[in-house]
Structure formats: structure tokens, C-alpha cells
Amino acid sequence: MVKNPNKMRQRAALAEHPFGTLKHRAGINHFLMRGLEKCGGEFGLMVLGYNFVRVINLLGVDFLRDYCVQRQKNKLKNSQYA
């Protein structure tokens, strides 16, 4: 970082922004847990929720519902082979 301070600015612009955005959207300004593993789990749940909302916004609730129904029908058909 001492040799190339612009790398830190670039990292802050590219990598830190998504973390801040996700935490801000969730209304969280600090982690509730302590420890890297627990904070990783907490952040993972936050990302899962964010991605799920994105899928719903991109594909629509009707598409997701129909997809889940279709998967359930396939599971019932294939259960006889298990």
C-alpha cells in the first residue's frame, strides 16, 4: 500500500461499496456477532436475502411460484425411482 496508494482507493471503490450498500439496505451499521466466522455467517444471510430479493425483482413472483410448483411436481414423479 505504501508503494502504490492508488490501489487502496481502487479497492475502496470496488470492493467496499457492495458491503456498505448491503449493510445500509439492511439497516445495519455494525455486526451483531463477534468473531470472523459468526460475522461471516451473518453477512452470508444478509447477502442471501439481498440476492433473493433481486431474483424476485428480476424474474417476478409469478415466475418463481411457477418454478417452485414445477420443481415439486418433478420431485414427486422422480421419487418412485429413489
Side-chain angles (χ1 to χ4, degrees):
M1 288 190 319
V2 173
K3 291 180 183 179
N4 196 350
N6 289 332
K7 285 290 184 186
M8 189 61 182
R9 282 194 205 109
Q10 183 181 16
R11 179 180 181 266
L14 296 176
E16 301 296 333
H17 180 70
F19 295 116
T21 301
L22 287 171
K23 286 175 67 176
H24 178 72
R25 281 183 45 130
I28 299 171
N29 55 4
H30 64 281
F31 288 109
L32 301 174
M33 302 282 192
R34 289 188 179 191
L36 187 59
E37 187 176 344
K38 292 177 186 175
C39 287
E42 189 177 341
F43 192 74
L45 288 172
M46 204 180 326
V47 170
L48 178 66
Y50 174 78
N51 287 338
F52 190 67
V53 169
R54 283 199 41 136
V55 167
I56 290 174
N57 287 336
L58 291 172
L59 300 178
V61 175
D62 295 333
F63 178 85
L64 184 63
R65 184 195 60 235
D66 295 343
Y67 176 78
C68 292
V69 168
Q70 185 63 36
R71 292 270 310 187
Q72 187 65 28
K73 287 179 184 177
N74 288 340
K75 185 178 179 181
L76 292 174
K77 286 180 189 175
N78 294 333
S79 66
Q80 65 186 352
Y81 302 113

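Because only heavy atoms are used, hydrogens play no part in the values below, and waters and symmetry mates are left out as well, while side chains stay in. Starting from 1, each residue takes its place in the sequence as its number. Owing to the predicted nature of the structure, the values given are computational and were not obtained by experimental measurement.
- Grouped with L45 in a hydrophobic cluster is no other residue, since no side-chain heavy-atom contact under 4.5 Å to another Ile, Leu, Val, Met, Phe, Trp or Tyr is found.
- Of the listed residues (V53, L48, V55, V47), just one forms a side-chain contact (heavy atoms from CB on, under 4.5 Å) with N51, and that residue is V47.
- No side-chain heavy atom of Q70 sits less than 4.5 Å from a side-chain heavy atom of Y67.
- Note: the hydrophobic cluster containing V61 does not contain L58 (ILVMFWY, side chain heavy atoms under 4.5 Å, direct or indirect links).
- The side-chain hydrogen bond (donor to acceptor under 3.5 Å, both in side chains) search around N57 returns none, not counting sequence neighbours.
- A search for salt bridge (Lys or Arg N to Asp or Glu O under 4.0 Å) contacts involving R34 returns nothing, not counting sequence neighbours.
- Each of I56, V69, L59 was checked for a side-chain contact (heavy atoms from CB on, under 4.5 Å) with L64, and the lone residue meeting it is I56.
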